[in-house]
There are 2 protein chains.
Amino acid sequence: MSPRIGLDLNTIVKAAAEIADADGLEAVTLATLSRKLNIRPPSLYNHIEGLPGLRKELALYGIEELERYLSRAAAERAGDDAVRAMGEAYLTFARRKPGLYEATFYTIDMEDTDIKLASEKIVNLVIQVLQQYGLHGVNAVHATRGFRSILHGFASIEQKGGFAMELDINESFYFLIETFLIGIKK
Amino acid sequence: MSPRIGLDLNTIVKAAAEIADADGLEAVTLATLSRKLNIRPPSLYNHIEGLPGLRKELALYGIEELERYLSRAAAERAGDDAVRAMGEAYLTFARRKPGLYEATFYTIDMEDTDIKLASEKIVNLVIQVLQQYGLHGVNAVHATRGFRSILHGFASIEQKGGFAMELDINESFYFLIETFLIGIKK
DNA sequence: TTATAATAACTAATAGTATTAGTTTTTGGC
DNA sequence: GCCAAAAACTAATACTATTAGTTATTATAA
């Protein structure tokens, strides 16, 4: 029963991510988290700024993790291959870490500098790939916003169980990506 | 101080929607709602099955309201016109009723019969429009899923403040819709 | 090696939340 | 005008986050 367990921010955030993935983001509370870590809830305040602070850290971790998935997929690839690989990586991340993915969109402060910076890395990555289609300036931004919308929309609806009909979901995803590729080429 | 105010489900759900639109979905609690309605929290249990029940009713109301927006837009229109109009209507709804829109995606039980039925109406509406492009059977379903993904993704990211760059958001939306139209035509 | 300062745990207390149980008041139908 | 159902209520319980103040451990420096 040592009053100095040796907790750090990383351990805390990863524990929170585990709860989120296992039981949903709503299950991430200071109470459940402190139970998992074998400490009392107030002790968490030594590391994070309350529940809002925890949510920010979780979102940040999620965005950075997503960026790693995406940049790994884009590496050594170009054009359609790169777009398809990034799309698949995005969906894989959302499926493998559902709670953490949810956290990247859940009541986060987009004005926050850390969040902004991490998000920009993803945007720049996508812009870089889409520029290979001759999309520059405003059009590259439009296309990037479109690509993000497609990916988030699909992943989010799937996660909520919104695709009810008996039809292969992966096929629908490929259909959508190909539709997008055709669209940006003309 | 009458113990019989004359509350009904409709009044309750609309009050909840007002809170959601004004202060965000997280602000919708039995406590805030009962304060707005000038009753004590337990009284709400005469009309709804706790907080989960309230959320379900709110989601249902949102889905039905969205369906009204979309069918009004699709009426008397066909092809590209209909698709563009539905896209705009979707975005308009999400912008005008942000909290209610959020509710249509927030921890809802997709197995619930009422929710399922209301959702199917929207799906069928979209399928009907997309069939005019010669999309039938599986392809019509793929395209419908794609269209919903685009709309939800865009609306959701915009709502969270995710489109940071200084570039007109409506332009990006039109770009995305046109990209989709081109894609499904080839 | 020992004293001190910072860190990170703790307990205690408060306020806000949902929910259940049991009660009272009103209303509508007979 | 009576009675049953509906819809409000009060009281109580169990969580939750959070703040204040306390204590124990660790790291540092004399």
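Chain letters run A, B, ... following the sequence lines, proteins first and then strands; every chain starts at 1. Scope of the values below: all heavy atoms of this structure, side chains included, with no hydrogens, waters or symmetry mates.
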Problem set entry | Any N/O donor-acceptor pair, B/N46 side-chain to D/dA6 base, under 3.5 Å | no
Exercise. What's the CD1-C1' distance between B/I39 and C/dT26, to the nearest Å?
Worked result: 16 Å
Exercise. Can a donor-acceptor pair be found between the side chains of A/S43 and A/N46 at a distance below 3.5 Å?
Worked result: no
Exercise. OP1, OP2 of D/dA7 versus side-chain N and O of B/S43: anything below 4.0 Å?
Worked result: no
Seminar exercise, completed: note: B/L37, atom CG; D/dA8, atom C1'; distance rounded to Å ~ 13 Å
Seminar exercise, completed: Here the ring-ring contact (aromatic ring centres under 6.0 Å, His included) pairs for residues 71-90 of chain A, sequence neighbours left out, are A/Y90-A/Y101
At a cut-off of 3.5 Å, list every protein nitrogen or oxygen paired with a nitrogen or oxygen from nucleotides 15-19 of chain C, distance to 0.1 Å.
{"unit_1": "C/dA18", "atom_1": "OP1", "unit_2": "B/L30", "atom_2": "N", "d": "2.6"}
{"unit_1": "C/dA18", "atom_1": "OP2", "unit_2": "B/L30", "atom_2": "N", "d": "3.4"}
{"unit_1": "C/dA18", "atom_1": "OP2", "unit_2": "B/A31", "atom_2": "N", "d": "2.8"}
{"unit_1": "C/dT19", "atom_1": "OP2", "unit_2": "B/Y45", "atom_2": "OH", "d": "2.7"}
{"unit_1": "C/dT19", "atom_1": "OP2", "unit_2": "B/L51", "atom_2": "N", "d": "2.8"}
{"unit_1": "C/dT19", "atom_1": "O5'", "unit_2": "B/Y45", "atom_2": "OH", "d": "2.8"}

Problem set entry | Pairs involving residues 48-78 of chain B, ordered by first then second residue, that meet ring-ring contact (aromatic ring centres under 6.0 Å, His included) (sequence neighbours left out) | B/Y69-B/F93
Problem set entry | Length of the NE2-C1' vector between B/H47 and D/dA5, whole Å | 14 Å
Seminar exercise, completed: B/E158 meets the salt bridge (charged side-chain N to carboxylate O under 4.0 Å, His left out) criterion, sequence neighbours left out, with B/R95
Exercise. What is the distance, rounded to the nearest whole Å, between atom CZ of B/R40 and atom P of D/dT10?
Worked result: 6 Å
For this session: Take the protein atom CD of B/E26 and the nucleotide atom C1' of D/dA17, then report the distance between them rounded to whole Å.
Result: 13 Å
Seminar exercise, completed: Quick note, ring-ring contact (aromatic ring centres under 6.0 Å, His included) partners involving residues 112-145 of chain B, not counting sequence neighbours, are A/F175-B/H142
Problem set entry | Partners meeting ring pair (Phe, Tyr, Trp, His ring centres under 6.0 Å) with B/F154 (sequence neighbours left out) | B/F163, B/F173
Problem set entry | Value in whole Å for how far the C1' atom of D/dA6 lies from CD1 of B/I48 | 16 Å
